[in-house]
Amino acid sequence: MSKIYLDNHATTRIDPVVVEAMLPWMDRFYANPGSTTHEAGREVKQLMEDAVTSIASQFDASPDEVIITSGATESNNLAVFGVCQHPRQKKRKIVSLVTEHQALLGPLERLAKSGFDVVYLPVQKHPSAEAGIVDLQRVADAVDSETAMVSVMLSNNEIGAIQPIREIANICSRFHVPLHTDASQAVGRMPIDIKKLGVNLLSFSGHKVYGPKGIGGLVVHSTSAPLRIYPQIVGGGQQQNLRSGTLNTMGIIGLAKALELAAKYCERDTKHVFGLRNLMWSRLSAAVDGLLFNGPSWEEESASPTLDQVKVSRRLAGNLSLCFPKVEGQSLMLETPNLALSSGSACTSTDSAPSHVLRAIGRSEDQSRATLRVGFGRFNTREEVEFAVDLLIRAYEKLSTFVA
Ligand SMILES: Cc1ncc(COP(=O)(O)O)c(C=O)c1O
């Protein structure tokens with residue numbers, strides 16, 4: 001068997017149906033959607049409006065509630081700076097989690113340097129079954145009428161922990177505090193309805209959901225009071241002046257198609273990756289003494305779970321973060337060159353410091369370095385997983401003899 005891709009949290013393979021939808025946009029539809037002085041421009045403008053309407057409908061939002069961006073990093077920047085740096089923003093406190101992605105921590109650090117009080121809430125630690133999940137009482141204690149915004153990711157990119165966003169939204173609404181969620185890892189992996197979730201701002205990226213890279217969005221949903229966003233990219237006034245620049249037409253078409261497929265296949269994909277995760281965990285834990293998983297626990301009895309069982313889970317169905325006794329994740333990856341795995345977040349993989357997420361759930365530095373992150377996806381098969389498990393067991397047995 002050739003290369004096996006098991007790094008679906010870093011990115012996903014673009015679905016062939018998405019590629020097909022995008023191809024005509026490479027040559028046929030080249031007009032600028034802003035060029036309404038001619039027929040070609042008007043045609044593209046209409047098709048863009050249809051695509052954005054389709055994207056919005058996947059979140060139960062209206063098209064004017066969606067700002068197209070280059071991906072979740074830009075969406076997070078727009079949400080955080082857009083709300084906190086608005087000239088009419090008087091509040092100076094932000095509440096977030098220690099386990100957020102760098103794409104959120106980066107903007108927060110910058111705001112902290114400019115005088116904001118950023119409160120990073122801890123998450124529960126092992127051996128709790130809810131390791132990685134915030135304690136709601138901590139949120140309730142931190143949020144007050146001086147809070148400019150709360151930002152809590154929907155699901156974590158390293159350990160798959162799903163945060164209780166609906167309950168956090170209830171706390172925020174008591175003080176009319178806008179709630180932002182980075183849903184990059186959740187979109188396509190669980191049904192998302194912005195109104196039911198109760199969030200005001202939601203970031204996502206196309207390439208995490210079998211769509212193209214360099215495209216994503218921020219859904220902005222005002223509840224009681226209108227949400228004021230200070231634009232970060234100014235220029236030609238596109239997208240209601242909130243994000244200037246000629247639209248990435250081909251990317252938008254790909255994003256719309258990817259989200260349409262995600263909605264269609266959410267149940268099938270979720271059950272599929274749940275089964276693959278259980279298969280890998282049951283075989284590896286039987287073969288490797290002392291193997292641990294990082295993050296919240298899950299019910300693994302059911303070989304073919306219903307979507308309802310999967311939905312109530314505290315963890316993404318396709319995530320498995322493994323901590324191998326005494327053998328470094330990096331060494332295991334070197335020993336299994338046919339497997340695409342990761343030791344943590346792709347965006348911080350050049351950083352040799354142990355993962356801040358693993359440290360936050362109580363893992364030691366050594367345990368963090370002994371971690372492998374597996375992300376199962378739509379295109380993985382049981383045969384691939386069986387083969388990957390064989391390779392990992394062999395590699396572990398070889399490497400562990402050197403440290404015994
Ligand atoms: C939770 C989370 N947020 C944000 C990002 C950044 O997404 P992008 O690189 O598409 O901007 C990622 C990607 O790894 C992620 O996993």
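For ligands, and for the atoms within them, numbers begin at 1 and follow the listed sequence.
Under 4.0 angstrom from ligand 1, the non-hydrogen atoms of Met153 all belong to its side chain. Residue-level proximity to ligand 1 for Glu74 is absent, since no heavy atom of it falls below 4.0 angstrom. At a heavy-atom distance under 4.0 Å, atoms from both the backbone and the side chain of Ala72 approach ligand 1.
A donor-acceptor contact closer than 3.5 angstrom links the side chains of Asn170 and Arg166. Ser368 and Arg363 form no side-chain donor-acceptor contact under 3.5 Å, judged by distance and modelled atom types alone. Ser75 and Thr69 share a donor-acceptor pair across their side chains, judged by distance under 3.5 Å alone. Checked by atom type, the side-chain pair Asn200/Thr223 shows a donor-acceptor distance below 3.5 Å.
Atoms of ligand 1 found under 4.0 Å from any heavy atom of His207 (numbered from 1 in listed order, with element): 8 (P), 9 (O), 10 (O). Counting atoms of ligand 1 from 1 in the listed order, those under 4.0 Å from a heavy atom of Asn157 are 1 (C), 16 (O). Per-residue contacts place Ala103 under 4.0 angstrom from the following atoms of ligand 1 (heavy atoms of the residue considered): 4 (C). For ligand 1, the atoms closer than 4.0 angstrom to any heavy atom of Ser205 are 7 (O), 8 (P), 10 (O), 11 (O).
Within a 6.0 Å radius of CZ in Arg92, other residues, nucleotides and ligands contribute more than 12 heavy atoms. Atom CZ of Arg283 has more than 12 heavy atoms from other residues, nucleotides or ligands within 6.0 Å.
At under 3.5 Å, not a single nitrogen or oxygen of Asn76, backbone or side chain, sits near a nitrogen or oxygen of ligand 1. Taking any N or O of His9, backbone or side chain, none lies under 3.5 Å from an N or O belonging to ligand 1. Polar contact with ligand 1: present for His101 (N/O pair, distance under 3.5 Å).
By heavy-atom distance, the residue among Thr73, Thr69, Leu154 lying nearest atom 9 (O) of ligand 1 is Thr73.
Using a non-hydrogen distance threshold of 4.0 Å, Gln102 does not register as a contact of ligand 1.
Qualifying side chain to side chain donor-acceptor pair (under 3.5 Å) partners for Ser96, counting only residues two or more places apart in sequence or in other chains: none. Lys45 is linked by a side chain to side chain donor-acceptor pair (under 3.5 Å) to Glu49, counting only residues two or more places apart in sequence or in another chain.
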